[in-house]
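These notes concern the structure reproduced below.
In each ligand, atom 1 is the first atom listed, and ligand 1 is the first ligand listed. This structure is a prediction, so every number in the text was calculated from the model and none was measured.
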Amino acid sequence: MREIDITKGIVENHVASLFKALESDVVIVGAGPSGLVAGGILASKGFNITILEKRLAPGGGIWGGGMGYKYVIIQDEAKDILDEFNIPYRPYEGEYLSVDSISFASGLIFEATRRGVNIFNLTECEDLLVRDGKVAGVVVNSSLTQMAGLPVDPLTFEAKAVVDATGHDHDVVRTLSNKNDVKLNTPTGKPMGERSMFAETAEKAVVTNTKEVYPGLFVCGMSTAAVYGGFRMGPIFGGMLLSGKKLAGLLEEFCSK
Ligand code: 48F
């Protein structure tokens, strides 16, 4: 056994994955539930999908359940998506299903990668590539470089479409709006800010507001609330899954044009 053979195996495979990501069909920023579902559905249809996740573990806000209690609740309206991703669940009361957050997060991650989604963890989207009034890709850096505050220049991936799936942060849309004189597809032309908790309205709005917010840039999941002034909903996740599924349909059409 030669140690450098192990190193070569890692470096060669990582560089091949990077090359695949350089010209993606879609780059999704954020590996939470909405991004993973959208990515998994699109990858199974043959699209070249890259997901960037700044933390060590993909899964976003799933792992902690509600206040660290490890179950989340999902409306049975989203049951088909759980089945499609092989996530186990139990009926709770009425229209609700209970899902173990650990199997939920790991199941979505596993199924997305099994379908070919190229997930880069420890990788942060720090800016966008904007050409002729259209988002054309992402500017990325290592999260470790960012955390250390080192002056290291980033790399760039091109994509037909970019998705802000960064949750409450709405990091991508916020950066686009702060750094450029642009008018977003929102009533004010700017991100409108998330409102307090009102679960039923919030769940519907997350799906309604899953859309193209600027040419080439889409929003899904919780970032729709921050961008379109929606309410928060806490640890109920049906809206996140349905948002991911709706986004996959929109992007399939967009990328096939
Ligand atoms: O927040 P998150 O889980 O996204 P989501 O799909 O789901 C929201 C729910 O988890 C929960 C909720 C349900 O009712 O309200 O909050 O909208 O995951 C977002 C992911 O994006 C990553 C972040 O680490 C998290 O894992 N992220 C945020 N900014 C960046 C990023 C960035 N600039 N680059 C890369 N990853």
Side-chain angles (χ1 to χ4, degrees), residues 21 27-41 50-68 71-75 78 81 85 96 99 101 104-105 108-109 112 118-128 137-147 154-155 157 162-176 178-179 194-207 209-210 217-228 230-248:
V27 170
I28 299 173
V29 184
S34 61
L36 288 167
V37 165
I41 295 173
T50 300
I51 299 187
L52 307 175
E53 172 49 57
K54 70 178 180 182
R55 294 192 192 135
L56 182 57
I62 298 174
W63 297 104
M67 208 184 81
Y71 281 85
V72 299
I73 298 298
I74 297 188
Q75 307 88 313
I81 304 171
F85 281 77
Y96 300 126
V99 180
S101 60
F104 186 29
L108 287 182
I109 297 162
N118 200 2
I119 304 182
F120 292 90
N121 61 344
L122 289 178
T123 306
E124 182 160 343
C125 171
E126 63 167 57
D127 205 344
L128 288 163
V138 288
V139 176
V140 305
N141 216 327
S142 159
S143 301
L144 303 176
T145 300
Q146 296 288 84
M147 283 164 74
L155 295 175
F157 297 172
V162 173
V163 178
D164 186 329
T166 65
H168 299 273
D169 294 352
H170 68 296
D171 217 16
V172 180
V173 174
R174 191 160 36 82
T175 301
L176 176 75
N178 285 347
K179 293 184 83 163
E194 184 184 303
R195 292 191 272 172
S196 294
M197 193 176 286
F198 183 180
E200 187 158 356
T201 306
E203 282 288 276
K204 291 196 178 90
V206 161
V207 182
N209 291 327
T210 296
L217 178 63
F218 291 72
V219 279
C220 69
M222 206 56 212
S223 72
T224 62
V227 172
Y228 287 99
F231 295 94
R232 70 184 303 192
M233 75 292 288
I236 180 149
F237 277 74
M240 298 301 138
L241 303 182
L242 294 166
S243 166
K245 186 166 182 169
K246 176 181 171 184
L247 177 72

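- Every atom of ligand 1 with a heavy atom of Val29 under 4.0 Å away is listed here by number and element: 32 (C), 34 (N), 35 (C).
- From the protein, the heavy atom lying nearest to atom 1 (O) of ligand 1 is Gly167 CA, 3.6 Å.
- Ranking the protein heavy atoms by distance from atom 20 (C) of ligand 1 puts Glu53 OE1, 3.6 Å first.
- Within the 4.5 Å cutoff, the side chain of Glu124 has no heavy atoms near those of the Met147 side chain.
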**Study point:** side-chain contact (heavy atoms from CB on, under 4.5 Å) evaluation trace for Leu36 with Ile51
**Key:** CA-CA 8 Å; Leu36 288 167; Ile51 299 187; 4.1 Å; yes

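- Enclosure of atom CZ in Phe231 by more than 12 non-hydrogen atoms of other residues, nucleotides or ligands within 6.0 angstrom is indicated.
- Ligand 1 does not have Leu36 within reach: every non-hydrogen atom of the residue lies 4.0 Å or more from it.
- Every atom of ligand 1 is numbered from 1 in the order shown, and the set under 4.0 Å from a heavy atom of Gly221 is 17 (O).
- Those atoms of ligand 1 that come under 4.0 Å of a heavy atom in Thr123, given as number and element, are 35 (C).
- Atoms of ligand 1 lying under 4.0 Å from any heavy atom of Gly60, numbered from 1 in the order shown and given with element: 3 (O), 18 (O), 25 (C), 26 (O).
- Annotation: atom 6 (O) of ligand 1 to nearest protein heavy atom, Ser34 OG, 2.7 Å.
- Of all the heavy atoms of Thr166, the ones lying under 4.0 Å from any atom of ligand 1 are found in both the backbone and the side chain.
- Judged by distance alone, with hydrogens and angles left aside, the side-chain atoms of Asn121 form a donor-acceptor pair with the main-chain N or O of Leu56 at under 3.5 Å.
- The main-chain N or O of Thr210 is found under 3.5 Å from a side-chain atom of Lys246 such that the two form a donor-acceptor pair.
- Residue, atom and distance of the protein heavy atom nearest to atom 36 (N) of ligand 1 are Lys54 N, 3.1 Å.
- Judged by distance alone, with hydrogens and angles left aside, the side-chain atoms of Arg232 form no donor-acceptor pair with the main-chain N or O of Glu194 at under 3.5 Å.
- Scanning the protein heavy atoms around atom 33 (N) of ligand 1, the nearest turns out to be Asp171 OD2, 2.7 Å.
- Of all atoms in ligand 1, numbered sequentially from 1 with element shown, those under 4.0 Å from a heavy atom of Met233 are 14 (O), 15 (O).
- From Phe104, atom CZ reaches atom CD1 of Ile62 across 4.5 Å, with rounding to the nearest 0.5 Å.
- Heavy-atom proximity to atom 12 (C) of ligand 1, evaluated over Gly244, Gly234, Gly61, Pro235, is greatest for Gly234.
- Panel note: side chain Thr145, backbone Ser143; no donor-acceptor pair is recorded below 3.5 Å.
- Protein heavy atom in closest approach to atom 9 (C) of ligand 1: Phe237 CE2, 3.6 Å.
- Thr123 OG1 to Phe157 CZ: the interatomic distance, rounded to the nearest 0.5 Å, is 7.0 Å.
- Residue-level proximity to ligand 1 for Met240 is carried by the side chain, the only part with a heavy atom below 4.0 angstrom.
- Counting only heavy atoms of the protein, atom 21 (O) of ligand 1 lies nearest to Gly30 CA, 3.2 Å.
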Practice item. Decide side-chain contact (heavy atoms from CB on, under 4.5 Å) for Val219 and His170; before the verdict, give the C-alpha distance in whole Å, the side-chain angles of both, and the deciding distance to 0.1 Å. Key: CA-CA 8 Å; Val219 279; His170 68 296; over 6 Å; no

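- Proximity of a side-chain donor or acceptor of Ser223 to a complementary backbone N or O of Asp164 within less than 3.5 Å is detected.
- Under 4.0 Å from ligand 1, the heavy atoms of Ala165 that appear belong solely to its backbone.
- With a 6.0 Å radius and a threshold of 12 heavy atoms from other residues, nucleotides or ligands, Met197 has its CE atom above the threshold.
- In summary, the atoms of ligand 1 found under 4.0 Å from a heavy atom of Met222, numbered by their order in the structure, are 8 (C), 15 (O), 17 (O).
- Distances from ligand 1 to the non-hydrogen atoms of His168 include at least one value under 4.0 Å.
- Atoms of ligand 1 found under 4.0 Å from any heavy atom of Leu52 (numbered from 1 in listed order, with element): 35 (C), 36 (N).
- Looking only at distances, no side-chain donor or acceptor of Asp171 sits under 3.5 Å from a matching main-chain atom of Thr166.
- Between the side chain of Glu53 and the main chain of Ala31, a donor-acceptor pair closer than 3.5 Å is present.
- Ligand 1 has an N or O atom lying under 3.5 Å from an N or O atom of Cys125, backbone or side chain.
- Of all the heavy atoms of Ile236, the ones lying under 4.0 Å from any atom of ligand 1 belong exclusively to the backbone.
- When each atom of ligand 1 is checked for a heavy atom of Asp169 under 4.0 Å away, the hits are 28 (C), 29 (N).
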